Every structure is written in structure tokens, then in C-alpha cells.
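One structure below.
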Amino acid sequence: SDSACKQWYQRRVAITAGNAEKKVFAIQKDPITCHRLNGTDVHCNKPGVNATETYTSNDKGCGPCTNTTAGVCVACDETRCNSAVTVTAFLLPLAALLYTLF
């Protein structure tokens with residue numbers, strides 16, 4: 001049976017101080033179809049709070065995390081569960097920090 005997971009990619013965002021840019025993770029508009037065997041659980045993955053610019057999602061967001069380093073990858077077990085809503089708790093403090101630094 002198939003399920004769907006969100007796809008994540010890195011994009012460059014301008015930082016207001018000078019012409020500096022930073023890579024951030026964003027979600028592709030359309031989810032990816034994940035193929036799984038009948039009777040197996042849904043698994044999605046996404047970048048975690050400790051993911052660096054070199055991070056790549058396992059199978060474009062389908063399946064469990066392959067990187068077991070704490071905070072680098074976040075796994076979940078529902079269709080499309082790897083959305084941005086679950087990352088908001090990380091992004092808001094980051095935005096506040098960037099604002100105060102620049």
C-alpha cells in the first residue's frame with residue numbers, strides 16, 4: 001500500500017546584514033508517493049534541528065531516518081507527518097536569534 005511524505009530541499013535565503021546568504025530547509029509543494037509493502041507501517045523523515053547544509057533526506061522523505069545522530073533527522077509514522085508545522089518550534093527561536101544578531 002502507498003503513502004505520502006513531504007519532500008524537503010535546501011534553498012538560499014538572504015540575511016539582511018550585508019549580502020550574506022544562509023541555506024534553510026523548505027518543503028516541496030507536492031508530496032512524494034512512498035511505496036511500501038502491504039501490512040508495513042508508514043514512515044517519513046525530515047531534517048531536524050541539528051541538520052547541517054550537508055544533510056540529505058533518506059529516500060526524499062520516505063522511510064525511517066538513516067542518520068542516527070541526535071537532532072539531525074526526525075522520523076514520524078503517519079502520512080505527510082513530516083510537514084513544516086512540526087519544525088515551527090525550531091524556526092521561531094531561530095528567527096528571533098537572527099533578528100537580534102543583525
Side-chain angles (χ1 to χ4, degrees):
S1 158
D2 293 340
S3 61
C5 292
K6 300 286 186 173
Q7 296 184 72
W8 287 79
Y9 70 99
Q10 290 185 30
R11 68 178 186 151
R12 293 194 177 274
V13 175
I15 298 175
T16 55
N19 291 326
E21 290 185 338
K22 178 172 179 55
K23 282 187 177 180
V24 296
F25 293 99
I27 297 176
Q28 296 277 5
K29 180 181 175 186
D30 297 321
I32 187 169
T33 299
C34 303
H35 305 287
R36 59 191 176 95
L37 298 174
N38 287 335
T40 59
D41 295 331
V42 173
H43 293 288
C44 297
N45 65 81
K46 66 180 178 183
V49 296
N50 294 330
T52 64
E53 291 184 3
T54 60
Y55 175 84
T56 55
S57 288
N58 179 44
D59 291 331
K60 298 182 180 179
C62 294
C65 294
T66 56
N67 187 328
T68 57
T69 305
V72 172
C73 181
V74 177
C76 55
D77 58 2
E78 295 176 6
T79 296
R80 299 182 188 187
C81 59
N82 59 341
S83 68
V85 174
T86 56
V87 180
T88 303
F90 164 70
L91 293 179
L92 290 177
L94 177 63
L97 175 65
L98 291 174
Y99 179 79
T100 57
L101 290 175
F102 301 103

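Remember, it's a predicted structure, so these values are computed and weren't measured experimentally.
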ask   = Going from NE2 on His43 to SG on Cys65, what distance comes out if it is rounded to the nearest 0.5 angstrom?
value = 10.5 Å

query = Can you tell me how far CG of Asn67 sits from OG of Ser57, rounded to the nearest 0.5 angstrom?
reply = 10.5 Å

message = Using the rule that Ile, Leu, Val, Met, Phe, Trp and Tyr join whenever any side-chain heavy atoms are under 4.5 Å apart, tell me whether Ile27 and Tyr9 fall into a single cluster.
response = no

query = Do Arg36 and Ser3 touch side chain to side chain, with heavy atoms closer than 4.5 Å?
reply = yes

query = Taking side chain as C-beta onward, heavy atoms only, is Tyr55 less than 4.5 Å from Trp8?
reply = no

message = Please tell me whether Asp2 and His35 have a donor and an acceptor in their side chains that are separated by less than 3.5 angstrom.
response = yes

ask   = Between the side chain of Asn50 and the main-chain N/O of Ala70, is any donor-acceptor distance below 3.5 Å?
value = yes

ask   = Would a distance-only check, ignoring hydrogens and angles, find a side-chain to backbone donor-acceptor pair under 3.5 Å from Asn45 to Asn58?
value =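 Side chain of Asn45 to backbone of Asn58, a donor-acceptor pair under 3.5 Å: yes, one is there.
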
key: Audit row: Asp59, Cys34, side-chain contact (heavy atoms from CB on, under 4.5 Å) steps and yes/no   = CA-CA 9 Å; Asp59 291 331; Cys34 303; over 6 Å; no

ask   = How close do Asp30 and Gln7 get, heavy atom to heavy atom, and via which atoms?
value = O-NE2, 3.5 Å

ask   = Does the SG-to-SG distance between Cys5 and Cys81 fall under 2.5 Å?
value =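 Answer is no, sulfur atoms not closer than 2.5 Å.
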
